[in-house]
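Below: the structure, in structure tokens.
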Amino acid sequence: MRQTIPPITKNLLIINGLFFFATFVFMQTRQIDLRVILGAFYPESPNFKFWQILTHMFMHADFTHILFNMFALWMFGSVVEQTFGPKKFLTLYLLAGLGGFILFNAVNYFQIEQLKDMLNSQSFPISKVLQYSVRNLDGSYFSNGLIDSNINAKELQGYYLSNMVGASGAIYGLLLAFAVLYPDEKLMLIFFPVPVKAKYFIPVMVLIEFYMGYQNIGNVAHFAHLGGGLIGFLLARHWKKNLYRWN
């Protein structure tokens with residue numbers, strides 16, 4: 001593998017780093033949390049803006065979050081870009097991020113609609129939940145006793161207040177693309193230093209993500225990872241068929 005970082009991968013690393021730095025600076029100097037503006041909220045949330053569909057891919061929750069994502073971008077993105085070229089690589093990266101956004105919110109849709117049905121059966125005003133689900137620029141919001149006293153209303157408010165940040169959907173697209181392109185390449189985890197072929201290693205990671213998403217384990221958008229991975233797999237599988245057709 002080449003040692004140099006290809007141009008799109010390098011630019012994505014720089015952009016993610018700049019967004020993370022800006023998030024820190026704005027919070028420290030102006031008490032503005034850029035994650036409220038640029039992170040992706042549920043489309044029905046009063047905090048949602050159309051640009052969040054793209055910008056959430058460049059926002060991260062903390063240093064550990066961006067560190068692992070950027071390490072994976074450098075490690076797998078470099079190889080995938082060198083194989084497919086810059087245009088297809090960027091297309092895969094962005095579409096995988098979009099696929100993560102869509103699947104994550106599709107899963108949330110069914111849970112949110114169920115909560116709304118329960119609140120309607122209780123004659124609870126959903127407009128009240130929306131009214132008190134607006135985040136201020138510093139990330140704070142106003143509480144309401146009526147909402148706090150109803151477990152379903154409180155849970156619905158949680159969906160409207162929470163957002164998705166990170167490049168993880170796009171990164172999982174690269175992971176699956178790598179597994180399609182180089183299934184026999186051996187990979188290792190830091191806490192499991194045993195080399196395992198990509199065609200076994202990455203599917204196991206996907207299954208773990210599905211289980212954790214189904215069980216709703218941790219404050220992680222597991223279905224965003226799966227959505228991005230699915231797009232990466234489908235695109236890589238399609239493009240690989242024509243990869244060596246022309247000289």
Distance from [X] atom [atom1] to [Y] atom [atom2], nearest 0.5 Å?
X	Y	atom1	atom2	result
Met212	His222	CE	NE2	4.0 Å
Glu155	Ile112	CD	CD1	9.5 Å
Ile231	Leu94	CD1	CG	12.0 Å
His225	Leu230	NE2	CG	14.5 Å
Leu130	Gln157	CG	CD	10.0 Å

Should Lys10 and Glu81 be marked as a salt bridge (Lys or Arg N to Asp or Glu O under 4.0 Å) after you check the CA-CA gap, both sets of side-chain angles, and the distance that decides it? CA-CA 11 Å; Lys10 182 189 293 183; Glu81 182 177 351; over 6 Å; no

Would you confirm whether [X], through its side chain, and [Y], through its main-chain N or O, come within 3.5 Å as a donor-acceptor pair?
X	Y	answer
Asn47	Arg135	yes
Trp51	Ile37	yes
Thr91	Lys87	yes
Gln52	Lys49	yes
Ser78	Trp74	yes
His65	Ala61	yes
Arg35	Thr23	no
Asn136	Gly139	no
Asn150	Asn152	yes

Would Phe71 and Leu67 count as a side-chain contact (heavy atoms from CB on, under 4.5 Å) here? Give the steps. CA-CA 6 Å; Phe71 176 75; Leu67 177 65; 5.6 Å; no

Is there a side-chain contact between [X] and [Y] in this structure, where contact means two heavy atoms from C-beta onward sitting under 4.5 Å apart?
X	Y	value
Lys128	Ile147	yes
Val206	Leu226	yes
His60	Met70	yes
Leu119	Gln122	yes
Val129	Phe124	yes
Phe68	Thr64	yes
Leu12	Phe89	yes

If you look at every heavy atom in [X] and [Y], which pair is closest and at what distance?
X	Y	result
Val180	Lys240	O-NZ, 2.7 Å
Leu156	Lys116	CD2-CG, 4.0 Å
Leu176	Phe233	CB-N, 3.9 Å
Gln82	Thr4	NE2-O, 3.6 Å
Gly39	Asn163	CA-ND2, 3.8 Å
Lys154	Tyr141	NZ-OH, 4.0 Å

State, without any angle test, whether Tyr182 and Thr83 hold a side-chain donor-acceptor pair at a distance under 3.5 Å. yes

Ser168 and Asn69: side chain donor to acceptor below 3.5 Å: yes

Is the NZ atom of Lys186 crowded by more than 12 outside heavy atoms at less than 6.0 Å? no

More than 12 heavy atoms from other groups under 6.0 Å of CD1 on Ile151: no

Are [Y] and [X] connected into the same hydrophobic cluster when the rule is that any two of I, L, V, M, F, W, Y join if their side-chain heavy atoms are below 4.5 Å apart?
X	Y	value
Met118	Val107	no
Phe142	Tyr159	yes
Leu18	Phe26	no
Ile202	Phe84	yes
Met59	Leu161	no

What is the ring orientation for Tyr160 with Tyr42, classed by angle as parallel under 30°, tilted 30 to 60°, or perpendicular over 60°? tilted

Would you please classify the geometry between the Phe210 ring and the Phe223 ring as parallel, tilted or perpendicular, with 30° and 60° separating the classes? perpendicular

Leu137 and Asp33: CA distance, side-chain angles, deciding distance, side-chain contact (heavy atoms from CB on, under 4.5 Å) verdict: CA-CA 6 Å; Leu137 287 178; Asp33 189 348; over 6 Å; no

Given the options Phe21, Phe20, Phe19, Phe58 meets ring-ring contact (aromatic ring centres under 6.0 Å, His included) only with Phe19

Please report whether the ring centroid of Phe178 lies less than 6.0 Å from that of Phe76. yes

Do Phe41 and Phe48 have their ring centres less than 6.0 Å from each other? no

The single option from Ile53, Leu54, Leu103 passing side chain to side chain contact (heavy atoms under 4.5 Å, CB included) against Leu98: Ile53

